[in-house]
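Here the structure is laid out as structure tokens; the discussion comes afterwards.
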Amino acid sequence: MSLTEWFHIAIKQLQGGLKLLGSVPRVAEEAWEGKRAAWTESRKLRYPLRELPWDDQAAQAAMDEAEALMLTNGPATRPSSLNMPLCETDCELLERIKNDTAQQNRSNITRTAAYLECYRGYPELHWALLAHLVSRNGGYNMTDLKGGLIGNLIGEQEKEWLYRLLERCNALIFQDAYPQLQLYMHSRRLGRSCFHLLPYFHVSTFMKPFWERFWAWRDSSLLTVALIINEQNYIEGRVVKDPYFQKFVMHKPGFYLHDWLQLNQIIFPLGLNDGLAGLVMERFGHLDERIGFGKSLYAMLFGHQQVLDQVSAFVTSVPHTGSRSDYWPGLFTSYEQKALRSLRESATLLAHEWLPPGKRLYSPELNAVWLDTAYDPIPRYDWFQDSSTLGHLSKPRRPLLFAMRHEHRHGVQKTAMAHDAQASLRPFH
């Protein structure tokens, strides 16, 4: 390359950088306008309210029973129920649920669909719909790693590590929770409680009192909060605090980039190219925050009739593929040849509320970019070894600000700006 050619390229890159800086005030202005719009939209979505029945005495009784079981069994003691002989029906049921769990745990796509089937068959299982929606978001985050904006921000090895974290969380929660849902569904079919089989699926002793109470009283809110507490504790030691993920994911730039760009949004679509409800997870690495976040998501979903009705209509009519074009086809496309190819994608986003056909952001379907992943053996231990987490067993509170359409688009804009900045700083050749 001649000096003159190098100089012209440098000038173009400098001009691109200046244009990028010039767009920052506009992005900040849009963020402020988005906050105001979010308050307005949240007020419109807030009513009518749905009751979230909560019985403090029932919650306390379940906590007391869980503590008693913990003290009786001890953290390292094999549950005595495993020594009891099982009838032929129970043996067949165990085998059937184990096979069904393995079959449905192949990928994020199959898990997400399985959760929805549980909820559609038994709508009192509120947690199943919540898990379906959170699992959809897990799929979006997985495909983002191969999408058009993040592609040049994170190295291939780091993408692989981030995917493994997302996939491991998704798979382990399903491995633990799906047999519990199935035991309830078979209990309904057989007309008797099957929750004496929980230990055969290595479910924490923490859950048994809550399922037995749910079997008798159908107190959906209490069971949902218990499952939120259980599943977040389940992945705390097996994923979040695991030395592998601590070394290769939790302290890597790509993980912090997710926080800065607010890519850890959990969004619940209210229709195609329409509103979004949701919240932003600030600190994934903190157990207390994940539990509180889950409770807020639940209260937002089941505490507002409009949100529940519109979300239910969406998930029933739009199958999950992992592509963000599932819920926002005016901004995303799953076809790479129809996506933006510009190195100045933030400018395009700022200029259009909806991107024109052939110039949308690339968000691939999951099965097109990630293969089904066989996961490592699961450490078998009961996380419930002390009563410290029982303080989370309280009535969920509805968040005030939960309309997310503008916040979500702002997060996409920030990612596009980072994409453009990275492109501007590429070395000369």
Side-chain angles (χ1 to χ4, degrees), residues 105-113 133-171 239 244-245 248-250 252-267 269 281 284 318-346 348-349 355 357-375 408-409 411-423 426:
N105 205 7
R106 300 189 312 277
S107 73
N108 170 263
I109 302 298
T110 55
R111 292 172 208 125
T112 306
L133 289 159
V134 173
S135 189
R136 277 192 183 239
N137 280 266
Y140 301 148
N141 288 329
M142 291 175 191
T143 57
D144 283 346
L145 297 171
K146 298 285 190 176
L149 293 182
I150 298 183
N152 69 329
L153 297 178
I154 303 175
E156 290 302 316
Q157 182 61 72
E158 200 162 352
K159 288 177 192 175
E160 181 72 26
W161 287 330
L162 278 166
Y163 169 74
R164 285 183 177 275
L165 173 74
L166 294 166
E167 168 67 14
R168 181 73 166 170
C169 287
N170 200 237
V239 182
Y244 173 88
F245 291 108
F248 292 109
V249 183
M250 306 292 285
K252 292 290 183 177
F255 189 79
Y256 295 121
L257 183 69
H258 266 66
D259 286 346
W260 181 73
L261 295 175
Q262 291 189 325
L263 300 179
N264 42 4
Q265 299 172 348
I266 299 294
I267 51 102
M281 166 77 75
F284 175 80
V318 181
H320 173 60
T321 71
S323 171
R324 293 190 182 274
S325 64
D326 287 354
Y327 64 88
W328 208 335
L331 189 61
F332 298 97
T333 177
S334 60
Y335 300 100
E336 190 169 11
Q337 65 272 24
K338 295 182 179 180
L340 277 168
R341 298 179 183 277
S342 166
L343 297 181
R344 299 288 174 265
E345 296 183 1
S346 61
T348 308
L349 275 170
L355 297 179
K359 292 187 177 180
R360 290 173 184 162
L361 301 173
Y362 178 50
S363 179
E365 294 186 0
L366 185 82
N367 289 336
V369 291
W370 293 110
L371 300 176
D372 292 354
T373 304
Y375 47 85
H408 184 44
R409 193 171 190 279
V412 174
Q413 284 178 334
K414 286 170 66 177
T415 310
M417 287 185 66
H419 167 277
D420 294 356
Q422 178 71 11
R426 283 177 184 167

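Only heavy atoms go into these numbers, but all of them, side chains included; no hydrogens, no water, no symmetry mates. By convention here, the first residue in the shown sequence is residue 1. Just so it is clear, the model here is predicted, and its values are computed rather than measured.
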Next item on the list: Could you walk me through whether T321 and S323 pass the side-chain hydrogen bond (donor to acceptor under 3.5 Å, both in side chains) test, one step at a time?
Entry: CA-CA 6 Å; T321 71; S323 171; 4.7 Å; no
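- With T143 contributing its side chain and G139 its backbone, the two residues share a donor-acceptor pair below 3.5 Å.
- Atom NZ of K414 sits about 13.5 Å away from atom CG of L149, to the nearest 0.5 Å.
- The distance between the ring centers of H320 and Y140 falls below 6.0 angstrom.
- Nearest heavy atoms, Y362 versus S334: CE1-O, 3.5 Å.
- One N or O on the side chain of R360 and one on the backbone of P329 form a donor-acceptor pair closer than 3.5 Å.
- Scanning all heavy atoms of the two residues, the minimum distance from L145 to K159 falls at O-CD, 3.2 Å.
- With hydrogens and angles disregarded, a donor-acceptor distance shorter than 3.5 Å links the side chain of N141 to the backbone of N137.
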Margin query: Please determine whether side chain to side chain contact (heavy atoms under 4.5 Å, CB included) holds for the pair L361 and T333, giving the CA-CA distance in whole Å, both sets of side-chain angles, and the decisive distance to 0.1 Å.
Written below: CA-CA 6 Å; L361 301 173; T333 177; over 6 Å; no
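- In plain terms, the two heavy atoms of N105 and A171 that are nearest each other are ND2-O, 3.4 Å.
- For the pair S363 (side chain) and R324 (backbone), a donor-acceptor distance under 3.5 Å is present.
- At distances below 3.5 Å, at least one donor-acceptor pair connects side-chain atoms of N108 with backbone N or O atoms of S135.
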Next item on the list: Please test E167 against W370 for side chain to side chain contact (heavy atoms under 4.5 Å, CB included), starting from the C-alpha separation and ending with a verdict.
Entry: CA-CA 10 Å; E167 168 67 14; W370 293 110; over 6 Å; no
Next item on the list: Determine, stepwise, if the pair W161 / F245 fulfils side chain to side chain contact (heavy atoms under 4.5 Å, CB included).
Entry: CA-CA 8 Å; W161 287 330; F245 291 108; over 6 Å; no
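- Scored by the side-chain hydrogen bond (donor to acceptor under 3.5 Å, both in side chains) test, T110 finds no partners at all (sequence neighbours excluded).
- Note: R111 CZ to R106 CZ = 10.0 Å, rounded to the nearest 0.5 Å.
- T373 places a side-chain N or O within donor-acceptor distance of the main-chain N or O of L371, the cut-off being under 3.5 Å.
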Next item on the list: Could you go through the salt bridge (charged side-chain N to carboxylate O under 4.0 Å, His left out) check for E156 and K146 one step at a time?
Entry: CA-CA 9 Å; E156 290 302 316; K146 298 285 190 176; 3.6 Å; yes
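- Y327 is not listed as a side-chain neighbour of R136, based on a closest heavy-atom distance of 4.5 Å or more.
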Next item on the list: Might you work through the side chain to side chain contact (heavy atoms under 4.5 Å, CB included) test for R409 and W328, ending with a clear yes or no?
Entry: CA-CA 10 Å; R409 193 171 190 279; W328 208 335; 4.0 Å; yes
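- Remark: N170 CG to R168 CZ distance equals 12.0 Å, nearest 0.5 Å.
- Using a distance-only test at 3.5 Å, with no hydrogens or angles considered, no donor-acceptor pair links the side chain of D372 to the main chain of S107.
- Across every non-hydrogen atom of V412 and F332, the tightest pair is CG2-CZ, 4.0 Å.
- Of the possible donor and acceptor atoms, none in the side chain of D326 sits under 3.5 Å from a partner among the backbone N and O of V318.
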